[in-house]
Amino acid sequence: MEQHPNKFPLREHLKSKSIIEKLYTEGASATAFPLRAVFITLPREQQLPTASILISVAKKRFRHAVDRNLIKRRIREAYRLNKAPFIKEIETDGKKIAIAILYIDNKPGSTDYLKHKMQKLLNNILEKVQKV
RNA sequence: GCAGUCGGACGGUCUGUCGCUGUUACCCAAAGAGGUAAAAGAGGAAAGUCCGGGCAGCGCAGAGCAUUCCACUUCCUAACAGAAAGCUGUCUGCGAAGGCAGAGUAACGCAGAAGAAAAUAACCGCCCGCAAGGGUAAGGGUGAGAAGGUGGGGCAAGAGCCCACCAGUCGUAUAGCGAUAUACGGGCUGUGCGUCUUGGGAGCUGCAAGUUCAUGUAAACCGACGUUCGAGGGUUGCUCGCCCGAGUCGGAGGGUAGAACGCUUUAGCCGUAUGGUGACAUACGGUAUAGAUGAAUGACAGACAUCCCGUAAGGGAUACAGAACCCGGCUUACAGGCCGACUGCUACU
């Protein structure tokens with residue numbers, strides 16, 4: 001049975017506290033304004049998916065929960081629709097990766113805009129990962 | 001018809017594509033992971049976290065003191081600082097209505113760069129008197145408040161000194177469950193705030209409560225105090241009193257940070273009837289409707305609906321805002337429209 005490429009189930013969300021802590025202290029970063037990613041490559045372990053994602057929108061920038069949710073959902077959508085080629089690359093490199101995506105603008109961006117930026121961001125990350 | 005007051009209820013709908021969450025059924029599989037399908041999946045305020053409860057853990061022999069909250073009346077409720085129906089004063093409005101305040105004042109204190117004076121008042125003024133001195137709160141300016149107010153009588157001039165009306169207060173009667181209202185009568189009356197007094201309450205901490213399982217493990221090491229000559233702990237903040245008591249406290253270092261329960265069936269929601277002015281209560285019938293946890297409930301496209309602009313073609317707008325244990329309130333935000341009762345103005349009959 002072939003897997004649909006555009007799914008983004010909960011299992012691919014980053015949850016482990018220890019990995020998140022590691023991510024923020026040791027992670028490298030890539031930026032494609034208004035998105036900024038902090039990421040870390042991990043050794044192959046059985047339980048983790050190829051890419052674990054954490055999306056964060058600061059309360060400081062958007063006071064209302066409604067606005068934060070809106071942006072998170074748009075970012076998630078942008079990632080969901082663009083992740084397939086990215087994951088394939090990581091997989092052929094034999095790596096696993098954990099990424100925190102941060103939103104660093106004070107204004108909400110439209111869905112099309114974010115999709116475009118997400119492609120850029122993922123390419124930037126790939127470049128940096130493959131250099132190492 | 002226009003303008004407005006109060007109360008109530010609502011706050012988008014549908015289709016397609018790609019997704020998310022838990023549930024149920026089936027499929028694959030040693031198991032896990034996975035796949036397919038079905039039905040379901042944010043609010044009136046989910047918000048602010050300001051009150052009150054349920055629930056949970058800990059605590060609770062008792063006494064005193066302190067602290068703190070509430071305060072017109074009756075009533076509703078699980079409870080409340082909330083709601084309902086009223087009462088008194090005051091302010092706003094032509095009005096329907098709405099806002100604000102509301103236990104007591106015996107004692108003590110404060111007011112203050114005002115004013116003569118802030119309570120056993122005499123600066124100016126007025127009166128008596130040769131004068132010394134005395135009488136006087138009518139008039140003056142200050143102030144939130146000046147010795148109840150206005151008018152008349154009276155007097156040397158004045159003053160509840162006397163009278164009428166009005167306000168307050170106390171007593172009696174009547175009406176009301178009551179706050180109060182009305183009538184009659186008596187005494188003859190300063191304002192605000194605080195302390196205080198009276199009456200009624202308040203154990204503490206919150207679902208990151210708490211329970212179970214898994215992983216790991218340490219009754220290891222160092223120091224201090226101590227076992228009836230009692231270390232230390234519990235007992236709301238303190239005191240007394242009471243109780244437990246052989247371990248307790250600190251340092252350094254290490255481990256976990258996952259899963260399940262709690263967790264959604266409830267003071268539940270809807271309807272009808274009865275009682276009540278009403279909040280609400282009772283009875284009967286129907287109904288099942290989110291449970292995430294680095295946190296789902298979405299993204300995109302199109303159509304419709306409503307409103308606004310425009311002669312038209314067409315264009316624009318659709319708010320405030322996102323569950324986190326659950327309820328009852330309060331407060332705040334809000335495009336747009338709906339229903340009921342009432343008020344004012346205008347027109348017509």
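Only this structure's heavy atoms are used, side chains among them; waters, hydrogens and symmetry mates stay out. Order of the sequence lines fixes the chain letters, A, B, ..., with proteins taken first and strands second; residue numbering starts at 1 for each chain.
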Item checked: Syn or anti for B/rU142 (syn when the glycosidic angle lies within 90° of 0) -> anti
Note to self: Taking only the P atom of each, what is the distance from B/rG44 to B/rA324 in whole angstrom?
What the structure shows: 14 Å
Next item on the list: Write down the distance between NZ (A/K115) and P (B/rG298), rounded to a whole number of angstrom.
Entry: 17 Å
Next item on the list: Could you tell me which nucleotide pairs with B/rU274 by Watson-Crick or G-U wobble geometry, both distances under 3.5 Å, or answer none if nothing does?
Entry: B/rA281
Next item on the list: Report the distance from atom CZ of A/R68 to atom P of B/rA295, rounded to the nearest whole Å.
Entry: 13 Å
Checklist line | Whole-Å P distance, B/rU180 and B/rA45 | finding: 37 Å
Next item on the list: Provide, to the nearest angstrom, the distance between the CZ atom belonging to A/R74 and the P atom belonging to B/rG322.
Entry: 16 Å
Margin query: I'd like to check the side chain to side chain contact (heavy atoms under 4.5 Å, CB included) partners of A/I71; sequence neighbours left out, ordered by chain and number.
Written below: A/V57, A/F62, A/I75, A/Y103, A/P108
Notebook entry, point to check: What is the pairing partner of B/rC161, taking Watson-Crick or G-U wobble pairs with both distances under 3.5 Å in any strand?
Noted result: B/rG153
Note to self: Is B/rG329 syn or anti, taking syn as a glycosidic angle within 90° of 0?
What the structure shows: anti
Note to self: Using O4'-C1'-N9-C4 for purines and O4'-C1'-N1-C2 for pyrimidines, with syn meaning within 90° of 0, is B/rA25 syn or anti?
What the structure shows: anti
Checklist line | Watson-Crick or G-U wobble mate for B/rC110, both contacts under 3.5 Å | finding: B/rG192
Margin query: Please give the distance between the C1' atoms of B/rU265 and B/rU287 as a whole number of Å.
Written below: 12 Å
Note to self: Give me the distance, rounded to whole Å, that separates B/rC55 from B/rG64 when you measure between the C1' atoms they each carry.
What the structure shows: 35 Å
Notebook entry, point to check: Which listed nucleotide (B/rA321, B/rA42, B/rA323) is nearest to the side chain of A/A65?
Noted result: B/rA323
Notebook entry, point to check: Charged N to carboxylate O below 4.0 Å: is that the case for A/E77 and A/R74?
Noted result: no
Checklist line | Separation of B/rA299 P from A/E77 CD (nearest whole Å) | finding: 8 Å
Margin query: Could you check B/rG44 for me: syn (within 90° of 0) or anti?
Written below: syn
Notebook entry, point to check: Any side-chain heavy-atom pair from A/L114 and A/L35 closer than 4.5 angstrom?
Noted result: yes
Notebook entry, point to check: Does B/rA296 have OP1 or OP2 sitting under 4.0 Å from an N or O in the side chain of A/R73?
Noted result: no
Checklist line | Base-pairing assignment for B/rU349 (Watson-Crick or G-U wobble, both under 3.5 Å) | finding: none
Next item on the list: Nearest whole angstrom, please: distance from the P of B/rA321 to the CG of A/L70.
Entry: 14 Å
Polar atom pairs between nucleotides 334-336 of chain B and protein, under 3.5 Å, N or O only, would you list them?
none

Note to self: Syn if the chi torsion is within 90° of 0, anti otherwise; quick check, which is B/rU49?
What the structure shows: anti
Check: Watson-Crick or G-U wobble partner for B/rG210, using a 3.5 Å limit on both distances?
Finding: B/rC261
Notebook entry, point to check: CZ of A/R36 to CG of A/L121: how many Å apart, nearest 0.5 Å?
Noted result: 10.5 Å
Next item on the list: Taking atom P in both B/rA144 and B/rU120, compute the distance separating them and give it to the nearest angstrom.
Entry: 24 Å
Next item on the list: Considering only atom P, compute the distance from B/rA39 to B/rG316 and round it to an integer number of Å.
Entry: 37 Å
Item checked: Whole-Å C1' distance, B/rA137 and B/rC124 -> 14 Å
Item checked: base_contact_polar (B/rC20 base, A/R80 side chain, donor-acceptor, <3.5 Å) -> no
Next item on the list: May I ask which nucleotide in the shown strands pairs with B/rA137, Watson-Crick or G-U wobble, both distances under 3.5 Å?
Entry: none
Checklist line | Validation row: A/I125, A/I99 side chains within 4.5 angstrom (heavy atoms) | finding: yes
Checklist line | Euclidean distance, A/Q119 CD relative to A/F86 CZ, rounded to 0.5 Å | finding: 13.0 Å
Next item on the list: Rounded to the nearest angstrom, tell me the gap between atom CG in A/N69 and atom P in B/rA324.
Entry: 12 Å
Item checked: Who pairs with B/rA39 - Watson-Crick or G-U, where each distance is under 3.5 Å -> none
Notebook entry, point to check: So A/M118 and A/L81, side chain to side chain contact (heavy atoms under 4.5 Å, CB included) or not? Walk me through it.
Noted result: CA-CA 10 Å; A/M118 180 62 74; A/L81 296 174; over 6 Å; no
Next item on the list: Whole angstrom is fine here: how far is it from CZ in A/R76 over to C1' in B/rC20?
Entry: 7 Å
Next item on the list: Take A/H64 and A/K72, find for each the nucleotide of RNA chain B with the closest heavy atom, and name the residue whose nucleotide sits nearer the 5' end.
Entry: A/K72
Notebook entry, point to check: Using the C1' atom in both, what is the distance from B/rG278 to B/rG86, to the nearest Å?
Noted result: 11 Å
Check: Atom CD1 of A/I75 to atom P of B/rC20: distance rounded to whole Å?
Finding: 18 Å
Next item on the list: Tell me the partner of B/rU5, counting only Watson-Crick (N1-N3 plus N6-O4 or O6-N4) or G-U wobble (N1-O2 and O6-N3) with both under 3.5 Å; none if nothing fits.
Entry: B/rA341
